Amino acid sequence: MSHPTASPRAHADDPRLRHLLHPDHAGEYETATRLAVTHLASTLSRVRGPVTGSSPARAAASVDAVDLDLPLGCTTQALAELDRVWLDDTVWFHEPGYAAHLNCPVLIPALVAEVLVSGVNPSLDTFDQSVGGTFIERRLVQWVAERIGFSSERADGVFTSGGTQSNLQALHLARDRALERPGVWPARLRILASADAHYSVQRSARLLGLSEDAVLSVPVDERRRMLPDRLSAALSEVVSAGDSVMAVVATAGTTDHGSIDPLPALAGLARAHDAWLHVDAAYGGGLLVSRTRRHLLAGIEQADSVTVDFHKTWFQPVSCSAVIVRERRHLRHVAAHADYLNPRDGGGAAVSAPNQVDKSLQTTRRFDALKLWLTLRVMGAEAIGDLVDAIVDLAAAVHARYAVDDRIELHAAPELSTLLLRPRCPGLDADDVDRLVPRIRAALWSAGAHVVAATVVDGRRWLKLTLLNPMAEVDDIASVIEGIAETAAALARTEAA
């Protein structure tokens with residue numbers, strides 16, 4: 001079959017269209033992308049700390065000064081402007097002085113994937129928008145399910161934007177499963193989670209239309225792990241009150257402490273009450289590929305659903321998460337159909353193909369799975385696991401160094417890579433130190449060399465170091481803690497004067 005000869009495009013010289021990715025503009029795309037990569041590489045070479053200490057007022061003023069109705073018309077000029085409004089004062093997570101939140105330095109194979117994902121711009125909701133991307137994501141879901149210990153023939157899941165969405169979808173499934181039982185009402189459903197569970201559990205309950213007291217907090221032990229005997233008592237109390245146990249949420253890596261709940265014991269209790277067991281392994285999920293610490297997740301295979309954030313301990317760029325379910329049949333609870341997208345009867349399609357939108361809360365969805373795929377194909381799972389082991393080893397070594405330092409109070413030995421600490425200052429009581437903690441954090445930020453977070457435990461303020469940089473060494477983190485101790489001492493002297 002012959003094709004008609006293409007006629008010259010009437011819009012070939014239209015300058016507005018040259019910004020669209022198209023075969024005719026491949027050279028322009030390559031030039032602009034190279035400019036961006038070169039610009040970022042040059043910027044990286046000048047980085048001398050995690051932050052510059054810019055204030056919110058200064059950052060806002062730089063952005064507000066830009067006239068968005070007056071385009072620059074040039075990528076080089078736009079990148080130069082971007083320095084002023086963002087890159088000059090951005091936060092660099094690869095710097096060893098950054099020890100604040102669950103932000104990781106990212107792996108280069110995943111960044112290569114980002115170039116491809118953004119350029120091709122597939123949407124993973126239907127096969128006819130993604131083709132091979134559909135099956136890459138499905139294969140990765142099966143692979144992660146196998147790492148968890150699920151049957152790849154029965155398990156399923158989907159990539160999400162992050163742990164909050166993964167947890168929401170898991171609890172959505174748990175809610176609808178519970179409501180299939182006769183005589184169960186949404187207002188009587190209860191979720192049991194530890195006192196240190198992620199805040200998204202509470203948020204999910206609200207979004208799912210549950211009552212304000214739907215989430216019951218279960219006490220934790222001295223290592224901040226959920227107490228099985230207290231969970232058992234709480235479960236009995238729910239039943240005695242005539243309410244229904246919808247789900248038990250266990251955490252494999254709490255945000256503040258990195259604690260891993262006793263999964264086998266919690267799984268047994270959940271099963272005895274026919275409750276859905278969800279394991280939030282957003283933080284600790286990297287242990288699935290560890291060669292030395294996989295045993296810390298023993299019992300996770302008994303979960304009904306698991307959250308894994310690849311943009312934490314798998315060193316992937318944001319966003320990259322997944323919710324994995326042990327039995328794929330439960331995903332029917334989030335399935336929805338539209339005649340223009342994924343009709344129930346297939347719409348008379350000549351080729352039957354799976355649609356990922358059938359099991360996702362999102363419709364349009366990025367091909368974030370490609371980042372993990374390329375990372376595994378270039379590096380392999382064990383290499384990622386070695387990086388996870390490196391950050392856990394780092395936290396343990398730092399704890400050992402400062403456990404005998406009388407200037408620092410450590411909360412507990414780390415289970416993953418999080419350390420909580422407070423300064424000890426002669427003449428200051430616990431309330432004085434509480435008031436000092438936010439001032440220390442602010443002073444470190446302003447100086448630019450160290451970035452730390454803070455939290456409250458049992459009514460007391462603590463500084464928090466979350467170590468996710470496999471290139472950081474003990475001396476690097478010691479520099480952060482020395483900065484805390486020196487800043488605390490200086491502020492205490494000011495208070496005394």
Side-chain angles (χ1 to χ4, degrees), residues 113-114 117-118 120-145 148 150 152 154-177 179 198 200-201 203-205 207-209 247 276 278-282 285 303-311 314 316-347 349 352-373:
E114 286 279 22
V117 169
S118 61
V120 179
N121 199 33
S123 180
L124 265 288
D125 44 331
T126 59
F127 170 80
D128 63 359
Q129 299 176 72
S130 59
V131 191
T134 291
F135 294 98
I136 286 176
E137 177 173 290
R138 291 168 72 87
R139 179 67 188 95
L140 281 172
V141 165
Q142 290 177 341
W143 181 82
V144 176
I148 291 169
F150 292 165
S152 61
R154 299 200 309 272
D156 205 347
V158 69
F159 273 62
T160 72
S161 64
T164 295
Q165 185 185 339
S166 291
N167 289 344
L168 172 62
Q169 179 157 344
L171 292 175
H172 186 311
L173 303 179
R175 182 200 64 181
D176 286 7
R177 171 184 178 270
L179 291 176
H198 195 261
S200 61
V201 176
R203 174 182 281 184
S204 295
L207 292 173
L208 292 170
W276 183 281
H278 175 62
V279 176
D280 179 2
D304 292 289
S305 56
V306 177
T307 287
V308 181
D309 270 11
F310 305 109
H311 56 229
W314 297 65
Q316 300 295 294
V318 173
S319 58
C320 197
S321 178
V323 58
I324 312 293
V325 296
R326 182 156 51 93
E327 299 288 344
R328 65 164 51 93
R329 58 190 172 86
H330 293 299
L331 288 170
R332 73 186 187 280
H333 294 304
V334 297
H337 297 273
D339 289 337
Y340 52 79
L341 188 68
N342 61 332
R344 290 182 183 275
D345 64 359
S352 177
N355 293 317
Q356 298 293 83
V357 73
D358 295 349
K359 54 187 177 181
S360 173
L361 295 180
Q362 294 173 262
T363 303
T364 302
R365 190 163 53 84
R366 292 185 86 242
F367 186 19
D368 288 317
L370 186 63
K371 294 179 283 192
L372 180 60
W373 178 273

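Scope of the values below: all heavy atoms of this structure, side chains included, with no hydrogens, waters or symmetry mates. Quantities reported herein were computed from a predicted structural model and do not represent experimental measurements.
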(message) Does either side chain, that of Gln356 or that of Ser360, offer a donor lying less than 3.5 Å from an acceptor on the other one?
(response) no
(request) Would you kindly say whether Thr307 and His278 are connected by a side-chain donor-acceptor distance under 3.5 Å? (result)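 Yes, a side-chain donor-acceptor pair sits under 3.5 Å.
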Residue pair [X] / [Y]: nearest heavy atoms and the distance that separates them:
{"X": "Ala369", "Y": "Leu140", "value": "O-CD1, 3.2 Å"}
{"X": "Ala303", "Y": "Val279", "value": "CB-CG2, 3.6 Å"}
{"X": "Asp309", "Y": "Trp314", "value": "O-CD1, 3.6 Å"}
{"X": "Ala170", "Y": "Ser305", "value": "CB-OG, 3.4 Å"}
{"X": "Leu124", "Y": "Gly133", "value": "CD1-O, 3.4 Å"}
{"X": "Trp276", "Y": "Ala174", "value": "CG-CB, 3.5 Å"}

(request) Tell me, with the steps shown, if Phe159 and Phe367 meet side-chain contact (heavy atoms from CB on, under 4.5 Å). (result) CA-CA 9 Å; Phe159 273 62; Phe367 186 19; over 6 Å; no
(request) Decide yes or no for Gln129 and Thr134: does some side-chain heavy atom of the first lie under 4.5 Å from some side-chain heavy atom of the second? (result) no
(request) Run the numbers on His198 and Arg203 for side-chain contact (heavy atoms from CB on, under 4.5 Å), then give the verdict. (result) CA-CA 9 Å; His198 195 261; Arg203 174 182 281 184; over 6 Å; no
Atom pair [atom1]/[atom2] of [X] and [Y] - distance to nearest 0.5 Å:
{"X": "Thr126", "Y": "Asn342", "atom1": "OG1", "atom2": "CG", "answer": "8.0 Å"}
{"X": "Arg366", "Y": "Ser130", "atom1": "CZ", "atom2": "OG", "answer": "14.0 Å"}
{"X": "Asp156", "Y": "Arg138", "atom1": "CG", "atom2": "CZ", "answer": "6.0 Å"}
{"X": "Leu331", "Y": "Asp358", "atom1": "CG", "atom2": "CG", "answer": "10.0 Å"}

(message) Using the ring pair (Phe, Tyr, Trp, His ring centres under 6.0 Å) criterion, which residues pair with His172? Sequence neighbours excluded.
(response)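 In terms of ring pair (Phe, Tyr, Trp, His ring centres under 6.0 Å), with neighbours along the sequence ignored, His172 is linked to no residue.
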Sub-3.5 Å donor-acceptor pair from the side chain of [X] to the main-chain atoms of [Y], do we have one?
{"X": "Asp280", "Y": "Ala282", "value": "yes"}
{"X": "Arg328", "Y": "Ala155", "value": "yes"}
{"X": "His311", "Y": "Gln316", "value": "no"}

(message) Would you call the rings of His330 and His333 parallel, tilted or perpendicular, taking 30° and 60° as the class edges?
(response) parallel
(message) Whether Arg365 and Glu137 form a salt bridge (side-chain N of Lys/Arg under 4.0 Å from carboxylate O of Asp/Glu) is what I want to check.
(response)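 So Glu137 pairs with Arg365 through a salt bridge.
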(request) Go through the steps to decide whether Ile324 and Phe150 satisfy the test side-chain contact (heavy atoms from CB on, under 4.5 Å), and finish with yes or no. (result) CA-CA 9 Å; Ile324 312 293; Phe150 292 165; 3.9 Å; yes
Residue that, paired with [X], satisfies side chain to side chain contact (heavy atoms under 4.5 Å, CB included) out of [options]:
{"X": "Phe310", "options": "Val318, Asp368, Val144", "result": "Val144"}
{"X": "Leu173", "options": "Leu168, Val334, Asp304", "result": "Val334"}
{"X": "Ser321", "options": "Thr164, Asn167, Thr160", "result": "Thr160"}

(request) Give the intermediate values and the outcome of side-chain contact (heavy atoms from CB on, under 4.5 Å) for residues Val323 and Val158. (result) CA-CA 6 Å; Val323 58; Val158 69; 4.0 Å; yes
(message) Restricting to salt bridge (Lys or Arg N to Asp or Glu O under 4.0 Å), what partner residues turn up for Arg332, sequence neighbours left out?
(response)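 Arg332: salt bridge (Lys or Arg N to Asp or Glu O under 4.0 Å) contacts with Glu180.
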